[in-house]
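Values in this document were obtained by computation on a predicted structure and should not be read as measured data. The sequence lines fix the lettering, A, B, ..., with proteins before strands; numbering per chain opens at 1.
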Amino acid sequence: MPELPEVETIRRSLCQRILNLRIEDILIRWPGAVEGYEGKTFADTVKGLRIQSIERRGKYLLFTLEEGWSFIAHMRMTGRLVYHAQGQEPEKHTHVVLKLSSGEVHFTDTRKFGRLQLVRTEERLKQPSLARLGPEPLEGGFSAEELARRLAPRKLAIKAALLDQNLLAGVGNIYADEALFRAGIAPERCANSLTKEETEKLYTAICQVLEEGIAANGTSFRDYQDANGEKGDFQKELNVYGRGGEACKCCGHTLERIRLAGRSTVFCPRCQR
DNA sequence: ATCAGCCCCTGCTAGC
DNA sequence: TGCTAGCAGGGGCTGA
């Protein structure tokens, strides 16, 4: 389940491999994986174009191609973009193969939620999903004050608020649980009930877990791997995610697992208030 | 405007 | 052993 740190790790590993390479051919093995244009038009359009840059916005990857074209890629839960040497046999769930002037990139997604969208570069930020996105937590526009301002009108649970990509871009289930644990805030707390001090703690915790996640090349809980097929290391640092029923690393109390906003949520009822 | 709940998918696991 | 039901989850959509 790639969140901001995993998508950033994929971006960096892809940049090392495929920047400035030319797309010589594209093989669409499952048409549902591509959006924007019908399969043949999609393929004909991108054939021959160089990949000029790869940027990230929230959990989206933005590939800038030549001649004003772009890919918008989202991994959703089980999506992977992996670089291989030329002629690598696609896996069962490899839906798109980008054959490049050197090597190839396989877009593989077991649960078929991920998408590769072809858009005009000048249109890409106007796509509803991207246009609505909240601020990047690790960039200048975000601060404890901005977080407080955005939480103020919201009555939903703070955990649900953190998962809302329009409030804040890039945080998913793993890093939301971890940030709330570090901030000592119970996930069911109403978003607008946080004190100034708690909001500051939460802001710091969000930045910390994301930065540490990036430094560890992401969290490999089940499917995640980067463009080189490497797994991340942040799962070793997890305090709560996936640890329901186990002992809190801080106080020893049994970690509680509940369902919140349709997501499994783990927290320490003693450390988080 | 806000928010809960459903839906998309497949693989894994628990239970019979 | 072999089956099925339930669960996992990001984000778009719907309806309240």
Check: Would A:Asp233 and A:Lys236 pass as an ion pair if we require N to O under 4.0 Å?
Finding: yes
Note to self: In this structure, how many angstroms lie between the P atom of B:dC7 and the NZ atom of A:Lys112, rounded?
What the structure shows: 19 Å
Next item on the list: Please work out whether the ring planes of A:Trp30 and A:His95 are parallel, tilted or perpendicular, with thresholds of 30° and 60°.
Entry: tilted
Notebook entry, point to check: In whole angstrom, what separates A:Asp164's CG from C:dG10's P?
Noted result: 13 Å
Next item on the list: Tell me which of A:Phe113 and A:Pro128 sits closer to the 5' end of DNA chain C, going by the nucleotide each one is nearest to.
Entry: A:Phe113
Notebook entry, point to check: Separation of A:Gln117 atom CD from C:dG12 atom P, in whole Å?
Noted result: 10 Å
Checklist line | Close side-chain approach of A:Cys250 and A:Cys268, heavy atoms under 4.5 Å | finding: no
Check: On DNA chain B, nearest-nucleotide positions of A:Ala160 versus A:Trp30: which is more 5'?
Finding: A:Ala160
Item checked: d(CG, A:Leu162; C1', C:dG10) in whole Å -> 15 Å
Margin query: Closest-nucleotide mapping onto DNA chain B: is A:Lys155 or A:Arg263 further toward the 5' terminus? I mean the 5' end.
Written below: A:Lys155
Next item on the list: Consider the side chain of A:His74, meaning its heavy atoms from C-beta on, and name the nucleotide among B:dG11, C:dG11, C:dG9 that approaches it most closely.
Entry: C:dG11
Check: Separation of A:Leu167 atom CG from C:dG11 atom C1', in whole Å?
Finding: 15 Å
Item checked: Out of C:dG11, B:dC9, B:dC3, whichever nucleotide has its closest atom nearest the side chain of A:Arg111 -> B:dC9
Check: Looking only at side chains, do A:Thr9 and A:Glu6 share a donor and an acceptor under 3.5 Å apart?
Finding: no
Check: Hey, would you say the A:Trp69 and A:Tyr37 ring centroids sit under 6.0 Å apart?
Finding: yes
Note to self: I want to check one thing: is the phosphate of C:dG10, taken as OP1 and OP2, less than 4.0 Å away from some side-chain N or O of A:Tyr175?
What the structure shows: no
Notebook entry, point to check: According to the Watson-Crick and G-U wobble definitions, with both distances under 3.5 Å, which nucleotide is paired to C:dG10?
Noted result: B:dC8
Item checked: Distance, rounded to the nearest Å, where A:Asn166 contributes CG and B:dC3 contributes C1' -> 13 Å
Note to self: Measuring from the side chain of A:His93 (C-beta onward, heavy atoms only), which nucleotide among C:dG11, C:dG9, B:dG11 has the closest atom?
What the structure shows: B:dG11
Next item on the list: Go through C:dG9, C:dG12, B:dG11 for me and flag the one nearest to the A:Arg76 side chain.
Entry: C:dG12
Next item on the list: Please determine, for the side chain of A:Lys59, which listed nucleotide (C:dG11, C:dG9, B:dT10) has the closest atom?
Entry: C:dG11
Next item on the list: Starting at atom CG of A:Asn173, determine the distance to atom C1' of C:dC7, rounded to an integer number of angstrom.
Entry: 13 Å
Margin query: Heavy atoms only, 4.0 Å cut-off, all strands: where does A:Arg259 land among base, sugar-phosphate and nothing?
Written below: sugar-phosphate
Item checked: Whole-Å distance separating the CD atom of A:Glu35 from the P atom of B:dC8 -> 16 Å
Item checked: Residue A:Met77, side-chain atoms from C-beta onward, closest of C:dG12, C:dG10, B:dT2 -> C:dG10
